[in-house]
Structure formats: C-alpha cells, structure tokens
Amino acid sequence: MSLQTQVYPILWQTDRVSLIDQTRLPNEYALVEVTRSDDMAHAIKTMIVRGAPAIGVAAAYGMYLGAREIQTGDRDFFLAELEAIAQKLRATRPTAVNLFWAIEQMLKTARQTLGSVDYLKQTLLETAKRINAEDIATCQAIGAHGLSALPKEPDKLRLLTHCNAGALATAGYGTALGVVRSTWNAGRLERVYADETRPRLQGAKLTAWECVQEGIPVTVITDNMAAHCMQRGLIDAVVVGADRIAANGDTANKIGTYSVALIAKAHGIPFFVAAPLSTIDFNISDGTQIPIEERDPMEVYQIGETLLCPPGVEYYNPAFDVTPASLITAIVTEHGAFAPSQLQSKLHEQKLS
Ligand code: MRU
C-alpha cells in the first residue's frame, strides 16, 4: 500500500462520491463508490465514513444523491421527498451534531432557492461541495489557532490524543490531529501519543495510520496507559476532537475522553478540545442533553473473530461520553481558542453563535 500524504476521506467524482473505507484501514486502503442516498446512510451507520465533520459532509452529499433520484417537476412534492431523505440520514447516528447541521444547511438551500427542480438539484450539489471545501479550510484554521494556544514550553511538545479526529474524521486535515499537524509542520512536535480507543480502535488503526502516512512520530498506547504516561512526565498537553459541544462548553467526544480529561486535570496538564463551530449546539445549555449513541455490544465482546468474554455476561457499549467544561482548558475553533466559559460570549461578539 503506497503512502497517502494528503488524505481526503470523501471525494466528489463527476457523478458519485468516493469514500475511503475506514473499516478496512490500516490493513487495506479501499474506496467505496456511493451513488445513492440509501448507500450513504448505510456508509455512515456502519462507519465506513465516521468522525463528526466527515459524517456532516457525507450527509450533505447524501442529500444531493437523494435529491437527484426524485422524479418530479413539482417543487412542493420535491421538498416533501427531500425531507424524507433528510429524516433517513438523520437516523444514522445521534450524537455528532455536524450531521444534523449539514442536513439543515441542505434543506435551507432547497427551501430558499427559487427556480426549477433541476436548478434546485444543481444548487444542492454546489452546496454540498461548498460544505466539503469549507471544512478543509476550517480545519486548517483550527490547526493554526491550536498551535498558538498550546504551551510555549517545552520547545518540542509531546501531545496525547484520543480516537481519530484527523483528516479521516473531517473533509481533510483534521481538528485535533490538525493541531498535531500544524505543530509538526512548525517544528514544535516531539511526538504524538495515540490512545488505542477501545472498542473500535480508531486511535490504533486510524490516527496511527494517518501519522505514519506523513512521518509524524506516533506512539500507540492502550487506553489504560495514559495516566501512567502523564505521571512519568511524557505528556505536555492533550488535544481531542468533539462530536457535540453544549452552550456551556460541556463536550461529547469518543468514549474514554472524559477519563483522559480527569487524569489530565489531576496532573495539571492542559486539555484542549478542537472543533469547528458546526460542532457547537447552542440549542442545548449543557452536556446532560446530548444524546449518547449506544452501539452493538459485539464491539465490546469481540475483537475480529475472537470472542473475549464467557457466555452469560451483559454488555454496555456507549460510543461517547461527556467531558464537563470545568476540565477543559480551551475550545479551539476556526475563530480562535476560547475558555469554555467564554465560548458563547466570544462567538456572540463575532456574531457567530
Ligand atoms: O464514532 P466515531 O469514530 O465517529 O467518533 C469520532 C470521534 O469521537 C471524534 O473524536 C470526533 O467525531 C471528532 S472528529 C474531528
């Protein structure tokens, strides 16, 4: 398998979407071609494409693919059918708000665009492409702001990350891993520690793969090694992504993030959340209102074909947890890094909330 220096998990190709099949990495680099909205919903649900901003971009294309299947010249009928497609895509995964945000952008475009149904369809494709392109630019801005927010000492930083908030989890470049990339490109990164991230191993499989593609020094640790690494002085800062941030800064991210935040606090290590504005849900005041996805228990009791537990046990598989704002040093957005308590007022000042 050749090195992929620029990783784009979602690419529009003339009349279809190419997705990197993230369920096969790192052993196999395979593309899945998607031409129908049903197939896009399936790809999101089964995590062929995953990561909050990436599923937003994928859903935007899913809306267009669904729109072009609607055979009508009647605008009202078209809009009603489009809402049904939106509902199908919304039902794929509940936690990452970017999914709902992108679908809403597409619906808004359809409602506000005048002209024939054919023209509406064309405008929907352009909107999906714009959401895609803007996400890459947003991640690059997050990377730059994250670099400025990181500790000034030591000169070369050892960063810990959890899950995969990289190019694979966005349209390209990444949020938390975007900060890692910027730090590496600025010559300020010693190494990144990647939690393996049970149960689906996004850290071991995907973050490690991305780092290897670019020659970024990466050490994979099992999730239960992070406290030990901090105690031994191996970590200067933690940077993670987010699936949904409440107005008060409480942050849902991959299961295990909360434990990392707690142990970082115990060791006086700064803990950064890197995420675009589209991940902030100003409609909810705190993290208790964030819906937490529960996935198939087989993700817990099985690795590959190997069963881990004896028959007769019960399983619990929440895919995300909520880190309270009090444990977060700053939330790094494309508009700057803000303390969680300042998030709403700072973004409001910039008329963005
Ligand atoms: O279940 P996943 O793999 O979609 O979860 C991904 C995460 O939790 C990421 O950290 C988050 O979506 C941020 S991606 C930039």
Side-chain angles (χ1 to χ4, degrees), residues 7-10 19-23 25 43-59 92-102 135-136 138-143 146 160-181 192 194-210 223 238-245 251-261 271-281 287 290-296 299-300 317-323 328 331-334:
V7 174
Y8 299 110
I10 307 158
L19 299 175
I20 298 177
D21 187 344
Q22 300 192 35
T23 63
L25 287 172
I44 295 171
K45 208 173 176 55
T46 57
M47 295 175 67
I48 287 170
V49 59
R50 34 69 48 204
I55 64 176
V57 173
T92 51
R93 298 194 72 188
T95 304
V97 76
N98 312 61
L99 177 81
F100 304 90
W101 173 87
D135 189 64
I136 300 174
T138 294
C139 287
Q140 285 165 344
I142 290 172
L160 175 80
T161 192
H162 190 76
C163 193
N164 171 267
L168 288 166
T170 58
Y173 202 76
T175 55
L177 216 50
V179 176
V180 169
R181 280 198 166 87
V192 60
D195 284 345
E196 66 170 349
T197 319
R198 278 279 288 148
R200 287 188 66 104
L201 305 174
Q202 289 95 328
K205 291 182 169 178
L206 306 179
T207 296
W209 180 79
E210 277 193 42
D223 299 329
V238 178
V239 192
V240 298
D243 286 84
R244 195 185 294 227
I245 301 173
T251 294
N253 190 48
K254 180 52 55 196
I255 192 77
T257 303
Y258 176 33
S259 338
V260 178
F271 182 94
F272 296 92
V273 170
L277 282 192
S278 54
T279 305
I280 305 173
D281 187 349
I290 300 176
I292 300 294
E293 177 182 7
E294 279 190 40
R295 295 188 62 86
D296 190 333
E299 292 180 351
V300 174
N317 187 19
F320 301 95
D321 59 24
V322 176
T323 298
I328 298 169
I331 295 174
V332 184
T333 73
E334 63 271 41

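Residue numbers count from 1 along this sequence. For ligands, and for the atoms within them, numbers begin at 1 and follow the listed sequence.
Remark: ligand 1 and F320 share no N or O pair separated by less than 3.5 Å (distance only, no angle test). In terms of polar-atom proximity, P53 is not counted as a contact of ligand 1, lacking any N or O under 3.5 Å from an N or O of the ligand.
Of the heavy atoms in T279, none comes closer than 4.0 Å to ligand 1. Contacts between M47 and ligand 1, counted as non-hydrogen atom pairs separated by less than 4.0 Å, involve the side chain only.
Using 4.0 Å as the threshold, H162 has no heavy atom nearer than that to any atom of ligand 1. For the ligand labelled ligand 1, residue R200 lies outside the 4.0 Å heavy-atom shell. Within the structure, the closest approach of A96 to ligand 1 does not fall below 4.0 Å when heavy atoms are considered.
Scanning the protein for heavy atoms near atom 14 (S) of ligand 1, the closest one is A169 CB, 3.4 Å. Closest to atom 15 (C) of ligand 1, if we only count protein heavy atoms, is T175 OG1, 3.0 Å. Among protein heavy atoms, the minimum distance from atom 9 (C) of ligand 1 is reached at N253 OD1, 3.4 Å. Among protein heavy atoms, atom 8 (O) of ligand 1 sits closest to D243 OD1, 2.8 Å. The nearest heavy-atom contact from the protein to atom 5 (O) of ligand 1 is K254 CE, 3.3 Å. Looking at atom 13 (C) of ligand 1, its nearest protein heavy atom turns out to be A242 O, 3.4 Å. Looking only at heavy atoms of the protein, atom 6 (C) of ligand 1 is closest to R50 NH2, 3.5 Å.
Residue-ligand proximity, R93 to ligand 1, at heavy-atom distances under 4.0 Å covers atoms 1 (O), 2 (P), 4 (O). Every atom of ligand 1 is numbered from 1 in the order shown, and the set under 4.0 Å from a heavy atom of N164 is 9 (C). Short contacts between ligand 1 and A52, defined as distances under 4.0 Å to a heavy atom of the residue, involve ligand atoms 12 (O), 14 (S). Applying the 4.0 Å criterion to heavy atoms of Q202 picks out, from ligand 1, the atoms 1 (O), 2 (P), 3 (O).
Note that CH2 of W101 is 9.0 Å distant from OG1 of T279, once rounded to the nearest 0.5 Å. Rounding to the nearest 0.5 angstrom, the gap separating the OG1 atom in T175 from the CZ atom in F272 is 14.0 Å. Here the CE atom belonging to M47 is positioned 11.5 Å from the CG atom belonging to D21, to the nearest 0.5 angstrom. Atom CD1 of I290 is separated from atom CG of N253 by 10.5 Å, given to the nearest 0.5 angstrom.
With N164 as reference, R50 is the one residue of K254, K205, R50 to meet the side chain to side chain donor-acceptor pair (under 3.5 Å) rule.
Crowding of F100 atom CZ: a count of heavy atoms from other residues, nucleotides or ligands under 6.0 Å exceeding 12.
By the side-chain hydrogen bond (donor to acceptor under 3.5 Å, both in side chains) test, D195 is found to be paired with H162, residues two or more places apart in sequence or in another chain being considered. For R200, the salt bridge (Lys or Arg N to Asp or Glu O under 4.0 Å) test picks out E299, with sequence neighbours left out.
Contact check for C163 versus V240: no side-chain heavy atoms found under the 4.5 Å cut-off.
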Checklist entry - Can R198 and D223 be said to form a salt bridge (charged side-chain N to carboxylate O under 4.0 Å, His left out), step by step? => result CA-CA 7 Å; R198 278 279 288 148; D223 299 329; over 6 Å; no

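Minimum interatomic distance between A171 and I136 (heavy atoms only, all atoms of both residues): CB-CG1, 3.6 Å.
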